[in-house]
J.: 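I have a structure I would like to understand better, so I am pasting it below and will then ask my questions one at a time.
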Amino acid sequence: MENITKFALENSRLTILFLIAMLVMGISTFFTMPSQEDPEITIRSAQIRAYFPGMSTTQVEDLIAKPLEKKVKEIAELKEVRSTVSTGRAIIEAEIHDRYFDLKPIWQNLRNKMEDVKTSLPNGTQGPFVNDDFGRVASATIALYGRGFTLPELYDAARDIQDKLGTVKSVSKVDIYGQQPERIYLDFNVTRLAFYDISPQEIINSLKQQNIILPGGTITTGEENISLVPSGNFKSLEEIRNVQITIPKTQKIVYLRDIVNVRRALIDPPQNPVFFNAQPAITLGVSMISQYNIIDFGKELSSKVGILKDSLPVGMQMDYATYQPTLVKEAVGSAVSNLYQTVAVVLGVVILFLGLRTGLIVGAIVPLTILMSIVVMNQFGIDLQRMSIAAIIIALGLLVDNGIVIAEDMRSRMDMGMAKKEAAFASAQSLGLPLLTSSLTTILAFIPLMLSETTTSEYLSSLSQVIIIALLSSWLLALFATPVLCYWFLKETSNPQDTKEAYTGKTYDLYKRFLAFILNHKIVFISLMVGLFFLSAKGMGLVTKQMMPYSDRNQVLVYIDLPAGSDMNTTIKSTEKLRAWLNDKTINPEIDNLGTCF
């Protein structure tokens, strides 16, 4: 172990260069490394949807849900499967065991099986559709709304915004929510149909025969290929209205507009509508690429959004419904503030009990260890988030011990007359292995958090990893930097003390009396410790247990559930009163934005 110290002392220029480089790299990495509110976890769930409009729940369960479930259960990695059935719809959720991390081949296998089962489903079934990306979290949600604008107009603007936001380098995906498909509705005039003796099916057949979308092929003329695009497909409502229908048993024709009211309208009932501040809206969910600094993502996104706002039509508005970068900045800032306070307290205590010179030497190792840990964290892809920062705070009380032990032992040897260099070598030789053993003992206590195959372990793994990195960095710097700093800055004593004189004084005398009292009352002391152990174990049952702290976000979710089978329009109407009350600034002035999703 003393070879580390020997190398540092005999190559002082390299040592200085290393410490300065670590300081600069650590500070630079701290301000540029990816940061987020919480650690990323792998979503091991996929959703399979299948539709058959109008089919009863019993038929959906027997004819669609059960065949899909049976096929899903053939996947070896499957942990659990859950099914939800409603009128005309079946939703199957497949969850994979926590021990699997490479999910792409598993989801591909699931898609293949869904393709195989399609032929056994009733004719007219839509799907099954596999979605293995529904666990993606949007880092920002943008609402597009405006009085006087229809949803199709908002959707057209949203698609343009989607394309432009996709050019931002930190954006991985932009999803659009709240859009309502348009339909062409034919309202039959029963009286007119009876007058001309025309059935609805004859009208449908006529429309099918004319609205043909098929390739026309190509013609080769010498060296050139000419593509043929057949006409006949409808391009406007007027073309549909002008379709000629042959009157049965006659040679006469009638225009479609004379017997049918042709209109364009949104799908009814609406599908998953969105409201923002009580107005119909289209929202865009913007996802950030992995391993990117969310603060930088926020700056890039806000810059682009500011440009796009200026190009919107008059009256159309674009606002953030949710904006995670600010929340992450506050959460990480709070954690970093706690880190600063902890470092200040540790340095103050060290200086108070070790003296100014030794305290400053040991205190200098603490931030250097933190910066070195941050550099290593970044190399291993560990982001700056609550768990990793909490791990550094936890490790602070442990990592400072290595520097204290080396510095104090070296000063004691120097007080007894040993030369600086020999004291440094002797301290490293005698304490290097014990300190490593002590650090490894603590590390082993946190290893299970990293090795366990659960989602909770995945969330907490960075806690274990950062503690391991911090403690090993502390041990390395305790042998590499602490002896060097002591060699450079501690003064050699002019009056060496012997071993007995080194342990004299009021503090040592008081400590000797305390030890003597305990040794003279061994049974009483051991009984007291055992009693305290059982008392504390019993007291643990009275402590409230909670895996994670409550969220401190300034965001509240309210769920409204109606009986199964309720119409979407009924659901929308049932929320109108609540939305109006929440959006009333005189009653609820503290509410900035109100979003409603169905």
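Bear in mind the structure is a predicted one, so any value in this text is a computation, not a measurement.
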J.: Is it possible for you to check whether R44 lies under 6.0 Å from the centre of the six-membered ring of F101, through NZ or CZ, and within 45° of that ring's axis?
T.: yes
J.: Validate the cation-pi geometry between R89 and Y51: distance from NZ or CZ to the six-membered ring centre under 6.0 Å, angle to the ring axis within 45°.
T.: no
J.: Under 3.5 Å, is there a donor-acceptor pair linking the side chains of Y323 and T141?
T.: no
J.: Name the one of V72, I75, L68, I48 that satisfies side chain to side chain contact (heavy atoms under 4.5 Å, CB included) with V81?
T.: V72
J.: Does the T575 side chain pair with the main chain of I572, one donor and one acceptor, at a distance under 3.5 Å?
T.: yes
J.: Assess, by modelled atom type and distance only, whether the side chains of T57 and E61 contain a donor and an acceptor separated by less than 3.5 Å.
T.: no
J.: Y255 ring centre to R257 NZ or CZ under 6.0 Å, with the angle to the axis within 45°?
T.: yes
J.: How far does CD of E182 sit from OH of Y155, to the nearest 0.5 angstrom?
T.: 10.5 Å
J.: Are F276 and Y145 an aromatic pair, judged by ring center distance below 6.0 Å?
T.: yes
J.: Would you tell me whether E93 and S45 have side-chain atoms, one donor and one acceptor, within less than 3.5 Å of each other?
T.: no
J.: Assess the residue pair K173 and D175 against the criterion (salt bridge (Lys or Arg N to Asp or Glu O under 4.0 Å)); give the C-alpha distance rounded to whole Å, side-chain angles, the decisive distance to 0.1 Å, and a yes or no.
T.: CA-CA 7 Å; K173 188 177 181 182; D175 295 310; 3.8 Å; yes
J.: Are any side-chain N or O atoms of K309 and backbone N or O atoms of M318, one a donor and one an acceptor, separated by less than 3.5 Å?
T.: yes
J.: Looking at K71 and E74, does any basic side-chain N land under 4.0 Å from a carboxylate oxygen?
T.: yes
J.: Inspect the contact between E115 and K118 and indicate whether a charged nitrogen and a carboxylate oxygen are less than 4.0 angstrom apart.
T.: yes
J.: If we count only N and O atoms by modelled type, under 3.5 Å, do the side chains of Y292 and E300 hold a donor and an acceptor together?
T.: yes
J.: Check the pair N189, I259 against side chain to side chain contact (heavy atoms under 4.5 Å, CB included), reporting the backbone distance first and the verdict last.
T.: CA-CA 6 Å; N189 187 322; I259 55 176; 5.7 Å; no
J.: Among side-chain atoms of Q59 and S56, is any donor-acceptor pair under 3.5 angstrom?
T.: yes
J.: Between R82 and E95, is there a salt bridge with N-O shorter than 4.0 Å?
T.: yes
